[in-house]
Amino acid sequence: MIYVIGNEVNYINIRSSTIEDMVDYFSGKDEIGFDTETTGFDPYTCNLLSYQLGDSHNQFVVDANQYPINIIEDLLKKKLLIIHNAKFDLKFLYHNDIYPTRIWDTYLGECVLHKGDKSVRKGLDATLSRYTIYSLNKSIRGVIHREGFTERVIRYAAEDTEYLGLIKAFQISKLKQYDLMRSMDLENEFVKVLTFIEYSGIKLDKDLWTRKIIQNEKDYKESLDELNNWIIDNNLVKYIDTQLDLFDDTKSTTISWSSPTQVVELFKSLGINTQVPDEKNGGFKDSVEANVLEKQIDKSPIIPIYLKYKQQEKLLSTYGKAVLDKINPATGRIHTQFTQIMDTGRLSSGGKMGDQETMNIQNIPRLPDKDDRIDGYIYERECFVPEESNVFINADYSGQEQVVFANWTKDPDLIAFYKSNLGDMHSFIASKIFPKLKDVPLKRIKEEYKEERQIAKSAGFAINYGGDGNTIADNLNLPKERGEEIYNSYFKAFPGVSEYFKKATAQALRDGYILFNDISKSKCFISFINKYREKEKIVNSPGFWEKYREEKKLNSDLYKYTLKPDVSSYFKLRGNISRMALNYPIQGSSSEVTKIACIHIYNYILDNDLMDVVKFPNVIHDEVLLECPKHMGETMKKIVEDCMERAGNVYCKIVPLKAEASICNFWNH
DNA sequence: ATCTGTAGCGCC
DNA sequence: AAAGGGCGCTACAGAT
């Protein structure tokens with residue numbers, strides 16, 4: 001039965017009711033299906049129209065204008081709320097100072113159960129159809145704003161809460177089957193925090209940002225002029241604009257410098273090699289990306305000018321005027337949208353929230369090292385600031401993924417490095433892969449063997465992400481053989497890493513998913529596992545390789561069009577799985593550590609009644625940004641560090657994760 | 001005029 | 001045999 005509170009109705013199976021009756025009905029129950037209808041996505045500028053509470057027997061649709069949601073605060077705080085995409089509804093509750101404690105988010109349930117498969121639709125309707133024969137009519141969505149509490153609006157609003165308990169039950173059974181309940185618990189806890197982060201937003205100093213744009217425009221024009229003048233000075237007539245302008249006798253060029261296609265053509269004519277391997281077809285393609293050109297910096301003086309231009313262009317486009325439009329008129333702050341569960345469990349930021357464009361707040365350019373900063377130059381992160389009477393607490397884990405890596409691989413030398421607090425990691429790897437540095441103190445390596453250290457840094461990085469000798473050679477512009485040597489000496493130096501790599505790959509190939517760790521048991525399902533198994537079956541069939549070698553010798557059509565593509569795709573898929581198996585557990589477990597840290601911080605804020613005082617402007621993978629009144633700075637700094645290290649201790653039992661926080665007046669990281 | 005895919009590059 | 005993990009945004013280029 002559907003009940004409406006706040007409007008007199010009498011339709012078939014729809015009755016009028018009262019708040020008291022509704023509260024009475026749910027007081028004996030532990031969980032409530034919950035949903036809201038609003039005028040839009042932003043809690044600061046939009047309003048709550050109705051809220052619905054329901055289970056499989058009864059649903060209550062309440063007119064929020066007549067009955068402000070605060071009157072059921074007690075219910076919302078005490079019961080388990082089952083919500084599809086809770087972040088949206090929670091934001092409106094937070095806006096009314098209601099902070100529920102127990103959430104089951106059926107949307108996140110789907111994300112946990114189908115992590116790795118983007119093709120799975122996770123909306124409420126799609127979710128319901130996955131588990132039951134029921135389906136929803138979503139065409140009504142948004143109509144409530146226009147037509148009010150009509151019969152069809154009431155029916156569909158009620159329907160959204162009717163099946164949530166059922167979906168939850170199906171999800172629990174699936175989650176248990178895959179041993180994913182702890183992973184789900186983590187996400188259900190974290191969604192409350194992520195809501196708070198989005199709700200908090202981050203303040204952008206508008207004037208400073210505007211000055212930054214002016215500065216970028218000036219730099220941009222200068223490098224653009226430099227580019228064009230170089231063409232004119234070198235009299236590359238093909239690219240010089242010959243069209244006369246009666247009012248302007250300065251020459252210009254016909255090149256659109258932000259077009260890679262056009263720049264490729266020019267650079268080729270200057271003898272610059274633009275060929276890079278094309279992953280898609282195994283052949284080659286043209287590219288003028290920075291890492292291709294940097295290796296050929298001596299080939300033409302135009303290269304450094306072009307690279308500088310590209311940098312300025314980026315600062316002016318992605319980090320230019322559009323950012324100012326993202327400032328919320330009500331709060332004066334930028335409120336992004338986070339996606340809570342990507343394939344590795346990491347967050348992402350940006351995209352559209354309804355018809356509202358948000359921005360990625362996780363890729364704002366970093367401040368250069370202090371020594372490299374230019375006096376008076378305005379850097380992006382300097383423009384992100386706390387409110388007048390506040391300070392930022394900016395904290396990050398030192399070497400989060402590296403430390404998780406050491407704990408996961410259990411490599412004795414890596415562990416020894418951290419345990420003895422030897423100092424610089426890259427110097428340590430250098431000492432392991434260069435025999436001549438075996439007995440040189442790490443401090444000396446860092447200062448005197450910069451080249452070796454750089455090689456070690458690049459090699460360690462590539463290997464962590466599943467790269468190999470070829471990757472190393474390519475990165476460092478070395479011969480293939482040298483890259484191979486470095487690769488091999490790395491594994492010789494760290495046998496535990498090699499062992500771990502083998503085990504991780506074997507597990508993934510066996511199970512068809514990547515197991516992140518034994519604490520949360522989080523998993524990413526390999527969406528293309530069946531495709532891999534098909535190819536595996538082919539290459540493992542009796543006599544396949546004999547046939548392959550034979551046909552290869554003949555270079556037959558069978559080889560060219562069947563055997564070769566099969567083998568190629570087999571190794572390609574296997575390589576992909578292998579790299580996922582190496583990287584996902586490190587990246588995914590690290591993200592869980594950060595999520596738990598954020599939960600601790602959030603709970604501290606909530607337990608100490610600081611929701612109106614402390615803000616949580618951002619989280620960037622291994623880094624958190626808090627905002628609090630100046631006088632609380634020292635306390636919050638310690639709290640944040642403590643929360644982060646406590647979270648780290650859950651996952652990193654051998655080598656602990658250390659967190660460092662600082663108090664600052666802008667995003668100083 | 002509007003949509004889609006790609007190249008390139010910002011962050012961790 | 002192929003050859004570095006995870007994201008999102010902006011410009012261009014080609015298509016509709």
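Letters go in sequence order (proteins before strands), and every chain restarts at 1.
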Original post:
Between A/Asp511 and A/Lys523, is there a side-chain N and carboxylate O pair less than 4.0 Å apart?
Top reply: no

**OP:** Could you work out the separation of C/dA2 and B/dG8 based on their P atoms and round it to a whole Å?
**Re:** 22 Å

Original post:
When we call it a touch if two heavy atoms are under 4.0 Å apart, what does A/Gln587 touch: a base, just sugar-phosphate, or nothing?
Top reply: base

Original post:
Partners of A/Phe41 by side chain to side chain contact (heavy atoms under 4.5 Å, CB included), sequence neighbours excluded?
Top reply: A/Phe88, A/Met353

Name each donor-acceptor pair under 3.5 Å that joins a side chain in residues 538-553 of chain A to protein atoms two or more places apart or in another chain, with its distance.
{"residue": "A/Ser541", "atom": "OG", "partner": "A/Ile538", "partner atom": "O", "Å": "2.7"}
{"residue": "A/Trp545", "atom": "NE1", "partner": "A/Val539", "partner atom": "O", "Å": "3.1"}
{"residue": "A/Glu551", "atom": "OE1", "partner": "A/Ser556", "partner atom": "OG", "Å": "2.5"}

Subject >> Counterpart residues, salt bridge (charged side-chain N to carboxylate O under 4.0 Å, His left out), relative to A/Lys321 (two or more places apart) >> reply: A/Glu217

**OP:** Using a heavy-atom cut-off of under 4.0 Å over every strand shown, decide if A/Asp343 touches base, sugar-phosphate, or nothing.
**Re:** sugar-phosphate

**OP:** Would you kindly say whether A/Tyr377 and A/Glu382 are connected by a side-chain donor-acceptor distance under 3.5 Å?
**Re:** no

Original post:
What are the bounds, 5' to 3', of the part of DNA chain B that sits under 4.0 Å from heavy atoms of chain A?
Top reply: B/dT6 to B/dC12

**OP:** Fit a plane to each ring of A/Tyr220 and A/Tyr309, take the angle between them on a 0 to 90° scale, and name the class: parallel (under 30°), tilted (30 to 60°) or perpendicular (over 60°).
**Re:** tilted

Subject >> Between P of C/dA2 and NZ of A/Lys480, the distance in whole Å >> reply: 11 Å

Subject >> side chain to side chain contact (heavy atoms under 4.5 Å, CB included) involving A/Glu623 - partner list, sequence neighbours excluded >> reply: A/Arg381, A/Asn394, A/Asp396, A/Ile620, A/Trp667, A/His669

**OP:** Would you give the length of the straight line joining atom CD1 of A/Ile305 to atom NZ of A/Lys310, rounded to the nearest 0.5 angstrom?
**Re:** 15.5 Å

Subject >> Salt bridge present between A/Arg121 and A/Glu110 (N-O < 4.0 angstrom) >> reply: no

Subject >> Student check: side-chain heavy atoms of A/Phe338 and A/Gln362 closer than 4.5 Å >> reply: yes

**OP:** Produce a footprint string for nucleotides 8-16 of chain C: one letter per nucleotide, 5' end first; B if the base is under 4.0 Å from any protein heavy atom, S if only the sugar-phosphate is, - if neither.
**Re:** BSSSSS---

Original post:
Would you say C/dG6 has OP1 or OP2 under 4.0 Å from some side-chain N or O of A/Thr344?
Top reply: no

**OP:** List in numerical order all residues of residues 617-624 of chain A for which some heavy atom is under 4.0 Å away from an atom belonging to DNA chain B.
**Re:** A/Ile620, A/His621, A/Asp622

**OP:** Check whether any side-chain heavy atom of A/Ser591 lies under 4.5 Å from a side-chain heavy atom of A/Leu347, and answer yes or no.
**Re:** no

**OP:** For residues A/Tyr500 and A/Asp411, determine if any side-chain heavy atom of one lies less than 4.5 Å from a side-chain heavy atom of the other.
**Re:** no

Original post:
Where along residues 563-577 of chain A does a heavy atom come under 4.0 Å from DNA chain C, residue by residue in number order?
Top reply: A/Val567, A/Ser568, A/Phe571

**OP:** Under 4.0 Å from any atom of DNA chain C, heavy atoms only: list the residues of residues 519-557 of chain A that qualify, in numerical order.
**Re:** A/Tyr548, A/Lys552

**OP:** With DNA chain C as reference, determine whether A/Tyr584 or A/Glu484 sits nearer its 5' end, using the nearest nucleotide of each.
**Re:** A/Glu484

Original post:
Is the A/Tyr584 ring parallel, tilted or perpendicular to the A/Phe516 ring (thresholds 30°, 60°)?
Top reply: perpendicular

Subject >> Any residue meeting side chain to side chain contact (heavy atoms under 4.5 Å, CB included) with A/Ala661, in chain and number order, not counting sequence neighbours >> reply: A/Ile393, A/Ala395, A/Lys637, A/Glu641

Subject >> Residue-level proximity of residues 499-508 of chain A to DNA chain B when a heavy atom falls under 4.0 Å >> reply: none

Original post:
Given side chains that start at C-beta, do those of A/Asn228 and A/Ser252 come closer than 4.5 Å, heavy atoms only?
Top reply: no

**OP:** Using only heavy-atom distances, decide whether a donor-acceptor pair under 3.5 angstrom links the side-chain of A/Arg346 to the base of C/dG6.
**Re:** yes

Original post:
Under 4.0 angstrom, heavy atoms only, what part of the nucleic acid is A/Ile586 near: base, sugar-phosphate, or nothing?
Top reply: nothing

Sequence neighbours left out, cut at 3.5 Å: what donor-acceptor pairs do the side chains of residues 557-570 of chain A make with other protein atoms?
{"residue": "A/Asp566", "atom": "OD1", "partner": "A/Lys535", "partner atom": "NZ", "Å": "2.9"}
{"residue": "A/Tyr570", "atom": "OH", "partner": "A/Arg574", "partner atom": "NH1", "Å": "3.3"}

